[in-house]
Protein chains: 2
Amino acid sequence: MDPGYVTLEQVAEHAGVSLATASRVINGSTRQVSQRLREKVEASAHQLGYLANASAQTLARNSSSLMGLVVHDIADPYFSQIAAGVTRYAEELGLVLVLGTTNRSPQEETRIISALRAHRAKAIVIAGSRTTSEETDARLAKEIEAFARQGGRVALVSQATLPADTVSPDNRSGAAALARHLVDQGHRRFAILAGPTNLRTARERLDGFHSALSAAGLELAHHNVVHGDFTRDGGYESTQRLMTLGTDATCLFAVNDVMATGAIAALRDMGKSVPEDLSVAGFDDIPTLRDLTPTLTTVRLPLEEMGERAAALALDSEYRGEPRVISVEGTIMSRASTASPKG
Amino acid sequence: MDPGYVTLEQVAEHAGVSLATASRVINGSTRQVSQRLREKVEASAHQLGYLANASAQTLARNSSSLMGLVVHDIADPYFSQIAAGVTRYAEELGLVLVLGTTNRSPQEETRIISALRAHRAKAIVIAGSRTTSEETDARLAKEIEAFARQGGRVALVSQATLPADTVSPDNRSGAAALARHLVDQGHRRFAILAGPTNLRTARERLDGFHSALSAAGLELAHHNVVHGDFTRDGGYESTQRLMTLGTDATCLFAVNDVMATGAIAALRDMGKSVPEDLSVAGFDDIPTLRDLTPTLTTVRLPLEEMGERAAALALDSEYRGEPRVISVEGTIMSRASTASPKG
DNA sequence: CTACTCTGGGAAAGAGTTTTCCCAGCGGTG
DNA sequence: CACCGCTGGGAAAACTCTTTCCCAGAGTAG
């Protein structure tokens with residue numbers, strides 16, 4: 001009998017006004033309501049403990065106060081950092097954040113977006129590297145378009161390969177700058193933990209690093225580039241493979257910090273010390289990892305800020321032009337895990 | 001003109017059946033629909049690209065497919081680990097996860113829960129230590145009760161101080177076991193980074209540690225217990241304070257891992273080495289921190305699993321009895337950051 | 001004093017589903 | 001063959017809001 005909630009109709013009745021008036025008071029429409037009635041309604045609403053039914057509002061307005069965030073894995077500090085930024089922005093605007101995790105599966109990605117579409121979410125931020133699969137991109141582009149037709153907006157934190165606003169880390173130039181820094185430090189022979197072959201982020205960082213080496217007249221031996229998972233364990237395992245096969249490199253570049261962490265762990269387990277036996281550099285500058293020993297030389301990305309900016313793009317509902325791309329530069333953080341090679 | 005979506009009515013019309021029949025086909029009600037019509041409807045739905053309007057469904061059913069998760073700070077690995085567990089469970093059941101972050105503010109906490117109530121969420125998992133404020137608990141209990149009256153369920157990951165199912169780490173016995181382990185290692189004088197005074201988790205760990213020391217006939221000097229923020233920086237700053245005042249302890253227990261991380265960083269910055277000059281132990285066993293040097297002696301909690309179990313409790317919608325409490329034991333992980341004291 | 005405009009109130013029509021209720025038709029039973 | 005129960009289909013009510021539309025009354029200009 002007690003449904004546990006109060007409807008606007010009950011508030012209106014209690015205040016002795018019409019449903020329309022009550023609605024106008026509670027949400028503040030364009031229409032004025034007299035001071036007298038306004039106060040009556042507010043008093044009744046408060047007294048009865050009125051809480052608007054969000055789905056009824058969504059249905060009536062055909063737009064909700066939901067905002068979506070899609071990540072690969074929320075336990076990965078890279079994503080949880082971005083999530084913190086998006087969260088902050090959403091919360092400031094009184095929006096409710098829906099979190100979807102894809103576990104790196106494109107099907108999951110589209111599934112989540114269509115769920116958000118079904119909920120009439122206002123905007124979606126999709127974080128995480130695009131793959132090199134054109135087909136996946138095409139399917140996703142279709143979802144995004146459907147979402148846009150409904151009046152929603154999408155922003156990405158990744159590569160600008162889709163028809164949506166994008167906050168895009170400049171992986172190439174960051175990796176290139178890092179390469180130059182390491183060359184300046186005296187390194188000539190490098191090994192790279194290049195991550196998965198089909199991940200654009202990984203590839204761009206590899207490319208940037210590689211081309212800076214070429215520009216400096218240095219070669220990157222084929223056997224010094226190993227691919228593996230984009231995770232800590234992927235880094236560990238890739239490093240083991242690299243070292244087992246043998247390498248002449250004096251510096252190891254892992255295309256992200258969590259892989260670099262795995263690399264350092266693997267090297268330690270093999271009795272090598274960093275940076276004496278081998279320098280190690282990463283990419284991202286994950287805050288949780290800043291207390292690693294040795295401290296990691298890396299390229300800092302302002303992840304939380306990137307999340308916030310993506311949220312801002314996605315929620316900028318007036319904008320109706322071409323997709324915008326905000327490029328974010330990384331800054332070199334030179335720390336203890338790299339040093340001039342001996343000899 | 002093109003609203004960007006197709007309604008069930010359009011599907012029904014396209015298939016030449018009534019709205020009722022179409023609804024019965026799409027969601028599979030108790031009522032049967034003949035094979036012939038069923039196929040027609042399915043074909044039409046697929047052809048038109050029908051996607052049900054989630055808010056209309058929620059309104060009609062008075063129950064949504066949303067599940068809430070409330071954490072203090074998603075960038076904190078403790079919470080992102082729990083979040084991963086909750087996410088996995090929710091996704092398995094096809095539920096959509098709503099993430100709320102409180103920034104440790106009780107007002108935010110109730111605000112988020114009432115938002116979830118407004119959305120007719122099925123269940124909520126609230127993670128994070130309760131404070132010692134009875135008043136806050138009372139207000140939260142009221143929200144939880146309102147949510148329950150509406151047919152929702154709540155589960156907590158923390159202390160069982162509220163009328164809801166709880167997954168509760170046994171902080172006291174974990175800390176006590178750790179204390180005994182460290183005493184066995186030869187330590188007699190301890191310092192403790194005890195975190196905030198009003199956080200139950202912090203207090204329980206302090207208590208457990210303390211009482212194990214008492215049981216072993218050891219005293220804990222008052223000046224060796226310092227309070228501070230429950231974060232990495234809190235640990236750093238607390239350690240500085242402790243060391244500046246001077247301590248005779250041979251072992252430092254930080255009541256969580258992120259504080260222990262700050263402690264180790266502070267000690268390193270002061271030129272002290274761990275564990276030679278001072279042993280350091282933590283609590284939680286955050287996976288992201290397992291590559292710290294020295295590796296951290298700590299009490300492992302199965303965080304992801306705890307998240308999953310809390311989600312399971314919250315979504316066990318048949319259950320209508322007394323609040324259940326699942327106690328989770330920690331296991332001692334003895335690693336390199338603690339060693340027998342010299343002398 | 002009429003006519004017109006503005007203001008604020010309420011009735012009612014949506015919004016897209018689910019579900020209840022009614023009914024036609026059919027097969028089985030006595 | 002009358003009656004009953006069952007099956008499956010559709011009409012319409014219900015869910016809770018927002019917003020359009022209509023109207024009464026007040027104010028103003030001519």
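Bear in mind the structure is a predicted one, so any value in this text is a computation, not a measurement. All chains are named by letter (A, B, ...) in the order of the sequence lines, taking the proteins before the strands, and each is independently numbered beginning at 1.
Of all heavy-atom pairs between B:Ser168 and B:Gln159, the closest is OG-CA, 4.0 Å.
Between A:Arg309 and A:Glu305, at least one side-chain N (NZ, or NE/NH1/NH2) sits under 4.0 Å from a carboxylate O, which counts as a salt bridge.
Between the CD atom of B:Glu13 and the P atom of D:dG10 there is a distance of 13 Å, given to the nearest Å. At whole-Å resolution of the value, CZ in B:Arg38 and C1' in D:dG9 are 14 Å apart. A:Gln32 has its CD atom 13 Å from the C1' atom of C:dG9, to the nearest Å. The distance between atom CG of B:Leu48 and atom P of C:dG16, rounded to the nearest whole Å, is 15 Å. The CG atom of A:Leu19 sits 8 Å away from the P atom of D:dT18 (whole-angstrom rounding). Here C:dG9 presents its C1' atom at 12 Å from NZ of A:Lys40, a figure rounded to the nearest Å.
The 12-atom threshold is not exceeded at CD of B:Glu13, counting heavy atoms of other residues, nucleotides or ligands nearer than 6.0 Å.
Taking the ring centre of B:Tyr319 as origin, the terminal cationic atom of B:Arg324 falls inside the region bounded by 6.0 Å and 45° from the ring axis.
The phosphate of C:dG10 (OP1 or OP2) has a side-chain N or O of A:Thr21 nearer than 4.0 angstrom. Residue B:Asn27 places none of its side-chain N or O atoms closer than 4.0 Å to OP1 or OP2 of C:dT17. At the phosphate of C:dG9, neither OP1 nor OP2 sits under 4.0 Å from any side-chain N or O atom of A:Ser18.
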Give the C-alpha distance, both sets of side-chain angles, the deciding distance and a yes or no for side-chain contact (heavy atoms from CB on, under 4.5 Å) between B:Ile126 and B:Ile113.
CA-CA 9 Å; B:Ile126 304 175; B:Ile113 295 175; 3.5 Å; yes

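For A:Ser34, the listed nucleotide lying nearest its side chain is C:dG9; candidates were D:dA11, C:dG9, D:dT19.
Taking CG of B:Leu199 as the start and OG1 of B:Thr131 as the end, the distance is 7.5 Å to the nearest 0.5 Å.
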Is there any protein nitrogen or oxygen under 3.5 Å from a nitrogen or oxygen in nucleotides 14-16 of chain D, and what are the pairs?
{"from": "D:dT16", "atom 1": "OP1", "to": "A:Tyr5", "atom 2": "OH", "distance (Å)": "2.7"}

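Contact annotation: side chain of B:Arg31 to base of D:dG9, donor-acceptor pair present below 3.5 Å. Judged by atom type and distance alone, A:Arg36 does not reach the base of C:dG8 through any side-chain donor-acceptor pair under 3.5 Å.
Of the possible polar contacts, one joining the A:Asp76 side chain to the A:Tyr78 backbone as a donor-acceptor pair under 3.5 Å is found.
For the pair A:Ile26 and B:Arg24, nearest-nucleotide mapping onto DNA chain D gives the more 5' position to B:Arg24.
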